[in-house]
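Right, one structure below, let's go through it.
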Protein chains: 4
Amino acid sequence: MGTTTDIGDAPTARKRDKRRAILDAAAPVFGEAGYERASVDAIAGAAGVSKPTVYSYFGGKEQLFRETMADVARQVNEVSYRHVIALDLHPDRFRAGLHELGVALTRCQRDGCAASLSRLVLAESRRDPAVFEEVRRAGFGPIREALAGRLARLGNAGLLDIDDADVAAQHFIALTQSQLPELTAGGSAEADEDLVASAVALGVDAFLRAYAPGR
Amino acid sequence: MGTTTDIGDAPTARKRDKRRAILDAAAPVFGEAGYERASVDAIAGAAGVSKPTVYSYFGGKEQLFRETMADVARQVNEVSYRHVIALDLHPDRFRAGLHELGVALTRCQRDGCAASLSRLVLAESRRDPAVFEEVRRAGFGPIREALAGRLARLGNAGLLDIDDADVAAQHFIALTQSQLPELTAGGSAEADEDLVASAVALGVDAFLRAYAPGR
Amino acid sequence: MGTTTDIGDAPTARKRDKRRAILDAAAPVFGEAGYERASVDAIAGAAGVSKPTVYSYFGGKEQLFRETMADVARQVNEVSYRHVIALDLHPDRFRAGLHELGVALTRCQRDGCAASLSRLVLAESRRDPAVFEEVRRAGFGPIREALAGRLARLGNAGLLDIDDADVAAQHFIALTQSQLPELTAGGSAEADEDLVASAVALGVDAFLRAYAPGR
Amino acid sequence: MGTTTDIGDAPTARKRDKRRAILDAAAPVFGEAGYERASVDAIAGAAGVSKPTVYSYFGGKEQLFRETMADVARQVNEVSYRHVIALDLHPDRFRAGLHELGVALTRCQRDGCAASLSRLVLAESRRDPAVFEEVRRAGFGPIREALAGRLARLGNAGLLDIDDADVAAQHFIALTQSQLPELTAGGSAEADEDLVASAVALGVDAFLRAYAPGR
DNA sequence: TATGAATGAGGATTCATTCAT
DNA sequence: CATGAATGAATCCTCATTCAT
């Protein structure tokens, strides 16, 4: 019985696997080389499939790029989202929670393919505005939305002085990640963990001074 | 005599002119197309010179790109720098001054080739870290330095509560420009002037809440 | 009983249906795109079958092409043949009959996939001479044979002065269709019906002058 | 002195030489393989230049094809034209002259790249009607025009009974070349010289019967 | 038998770069 | 010195053809 099910699902499963393999291979290749320098050959090779397979799955380099970016954005979103909703709202711990959240989000932005994401999207957004929109939908948008929600709840609890939660979320992210490009030399170098942490701490402090003035 | 002088200086002047022409032509081409898609042919054509001339002046596409970016950065720096040092330190007017400065700097980032600068630099920084460094030296660095100086003076005057002026400058820029990518869809669209202004205003307000807590 | 027969014949009938479907789908695709540009994918899709099915029925693109051409030739032959044998041999009407025949044959050559036939066959005849032979056997040959027969009968009746009926048939076709490529711009445009008719009329007139000199 | 002139003209001469070399190389390659199967690589190789050179001279495969066809048409035209205007108009010799002309024109059509010309043009005329037009302008058109002129002069001399000289020219060509495809198996085989000659003779005879009825 | 999936091969095109003039 | 001309290399993409199901 189980066998039957397996056999029945096999084609779909395989297709999904190959799709995943290609996306997983494409992300680092695009990340290292950028859109133009990345060759479909290299991606196909890294995925262990042939070039035409890539084309049959994604239609072309452009679409492959878009879907890869959206996929990475979803992955980053996934992790970041969990960090955001895990923000501790307890009056005694939310300050520490915001520090932790800042560090966590920054680490998400810095690690792996996520680091390349914003760089790539920004780089290609003029040639293909759709990619920007898609990534915002799949990644940045939901994160900011969730973060705005948490901050609003802190506002409702009287712990923060929030006027526009969206703006507050944007400012939180801006303050905590403002030094990231500098520290990683634009993504070309690994950032020292401690430097990142202290930069984030300074950002959170500023955020708290701006948005929890009474305390 | 004048003639002699002219003849004597002519080569150098011409050289400088051609160099300028090439840089001025390269900036928009790189800006529109990105590093890879920009062709040396197009740049040479736009500059009114031949391709080998470009090579004799700059050695290659890579170096031309670096120097073009540094040049644009210097130009942006020039304008931004003037805005920064024009910041009114008067106790009654520095808040309005910071608003104006935020708008001015944001407009500098948004207009012309400057808009493409950070995008291009970020895009190519991994493949060629030197470009990031060079642009920081020619553009971002001096600006932040100058801004830090002005903020420090406001701190010394007791108008702001500055601990680390460098950090404060970074935060000021981060807060005022945080919504810029969003508003311009990553550089692919023109931003509405009013939306930019209000976003900047919100950023400056937050900055002031964070750095002028007593007031 | 009928059921049994149906079941018994079903595979063969289906086979024949699919074969027909493929041939009918291949003709316009080859006709529009030419041999090289026509993709087996497109043909299979148009026929509603899968690519391997095409291969199992025809062995390969080359053979499919040959059989398609022969098939179209047979169809054109079918219609043209009827026109030829319908040629009125009556002494008072054979002249009008030849005019009608000329128009009918020309229309056959001009309409539908037949228009592409000679173009395609000529185009590929060097690479694959077999196709030329096959089409001649299936189409042009029989037509000319039948036409020669009718003209010979007109000769025997003393209405035409025929020496070699094959040559006369060839000349009849050449004269009536000589302007066809010109009028259709090589097959790329629709020919005006009236222009075709008058061109055919001139050809038939010349033919009659050449082969019915006494009258 | 002569040297100076040579040097002065050198660039143009070289350019013209290379252009010629490419056209001369392209004609047989296109002729053997057809448009699609002919690779720019092969043409460049045969011409002794590199692929980009071909592109810089002709812009692309399509344009190269058009210009090659037009060039071949011009060459064929050149030779054919000489035969046409050499047609002897003398009352006692024009019949023999027409026979000779028929043989000469047919030989022109059959030999070398000319044989491929009509095949190629016809094959690609649907995809690119411009090529048909261009070749007509460069080749077929002038020939028919010239032939029509000669025939008209024979008509004025009372030697032929010409109503529409254009039509007569078309009929002359049609009658003399009607058996050519058959004899060369669509261009895939060499035609026997004697067979061609006798086929042409029959065509000219028919033409004379149709257009010189009184004699 | 009929098919979805996969591939190896090949072609057009573009570009950064270097000589000969 | 500045240029027109030429090239080698590399990229995207497509297609005929074949397995495993």
Side-chain angles (χ1 to χ4, degrees), chain A residues 7-8 10-12 14-15 18-19 33 35-44 48-62 64, chain B residues 10-11 14-15 18 35-44 48-65, chain C residues 10-11 14-15 18 33 35-44 48-65, chain D residues 7-8 10-12 14-15 17-19 33 35-44 48-62 64:
Chain A
I7 290 179
T12 305
R14 280 218 182 140
K15 247 188 135 168
K18 281 223 167 147
R19 198 186 165 80
Y35 177 74
E36 289 293 341
R37 290 181 100 89
S39 83
V40 177
D41 261 320
I43 293 171
V49 300
S50 78
K51 218 185 325 185
T53 301
V54 174
Y55 278 86
S56 91
Y57 273 78
F58 292 92
K61 193 185 185 182
E62 183 60 44
L64 173 58
Chain B
R14 282 216 183 141
K15 248 186 135 170
K18 281 211 175 170
Y35 176 75
E36 290 292 340
R37 293 179 99 88
S39 80
V40 178
D41 259 319
I43 293 170
V49 301
S50 77
K51 222 180 335 182
T53 303
V54 175
Y55 278 82
S56 84
Y57 273 82
F58 292 91
K61 192 184 186 185
E62 184 57 46
Q63 277 192 327
L64 172 59
F65 180 71
Chain C
R14 281 216 182 138
K15 250 185 135 170
K18 281 210 173 167
Y35 178 75
E36 288 293 340
R37 292 179 100 86
S39 81
V40 178
D41 258 318
I43 294 171
V49 301
S50 78
K51 221 182 331 184
T53 302
V54 174
Y55 278 83
S56 85
Y57 274 82
F58 292 91
K61 193 185 185 183
E62 185 57 47
Q63 277 191 327
L64 172 59
F65 180 71
Chain D
I7 290 180
T12 304
R14 280 223 179 138
K15 248 188 135 168
D17 286 355
K18 281 221 169 149
R19 197 185 165 78
Y35 177 75
E36 289 292 340
R37 290 181 102 87
S39 82
V40 178
D41 260 319
I43 293 171
V49 301
S50 79
K51 218 181 333 182
T53 301
V54 174
Y55 277 85
S56 92
Y57 273 78
F58 292 91
K61 192 186 185 181
E62 184 59 45
L64 173 59

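Everything numeric in this text was worked out from a predicted model, so none of it was measured. Below, read A as the first sequence line, B as the second, and so on, with proteins coming before strands; counting in each chain starts at 1.
- Taking C/Glu62 as the reference, C/Tyr35, C/Arg127 meet the side chain to side chain donor-acceptor pair (under 3.5 Å) condition, with sequence neighbours excluded.
- With sequence neighbours excluded, no residue satisfies salt bridge (charged side-chain N to carboxylate O under 4.0 Å, His left out) with D/Lys61.
- With sequence neighbours excluded, the residues forming a side chain to side chain donor-acceptor pair (under 3.5 Å) with A/Ser50 are A/Thr53, listed by chain and number.
- Residues forming a side chain to side chain donor-acceptor pair (under 3.5 Å) with B/Ser39 (at least two apart in sequence, or on another chain): none.
- Pairs of residues two or more places apart, or lying in two chains, that qualify as salt bridge (charged side-chain N to carboxylate O under 4.0 Å, His left out) and include a residue from residues 50-59 of chain D are D/Asp41-D/Lys51.
- Taking a pair as Watson-Crick or G-U wobble with both distances under 3.5 Å, DNA chain F forms stems of 3 or more consecutive pairs at E:2-21 with F:2-21.
- Across the interface with DNA chain F, nearest-nucleotide mapping of D/Gly48 and B/Gly48 shows B/Gly48 to be the residue nearer the 5′ end.
- Here the shortest heavy-atom pairing between D/Ala38 and D/Ala33 reads N-CB, 3.8 Å.
- For the atom pair CD1 (B/Ile43) and CG (B/Leu64), the distance works out to 5.0 Å, reported to the nearest 0.5 Å.
- Counting to the nearest Å, the P atom of E/dT13 and the CG atom of D/Leu64 are 10 Å from each other.
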Expected string for nucleotides 10-17 of chain F under the B/S/- scheme (protein heavy atoms, under 4.0 Å, primed atoms plus P, OP1, OP2 as sugar-phosphate) is B-BBBBBB

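- Closest to the side chain of A/Thr53, out of E/dT7, E/dT3, F/dA6, is E/dT7.
- Per the geometry, CD1 belonging to D/Ile43 stands 11 Å off P belonging to E/dT13, to the nearest Å.
- Scanning for side chain to side chain donor-acceptor pair (under 3.5 Å) contacts around D/Tyr55 gives an empty result, with sequence neighbours left out.
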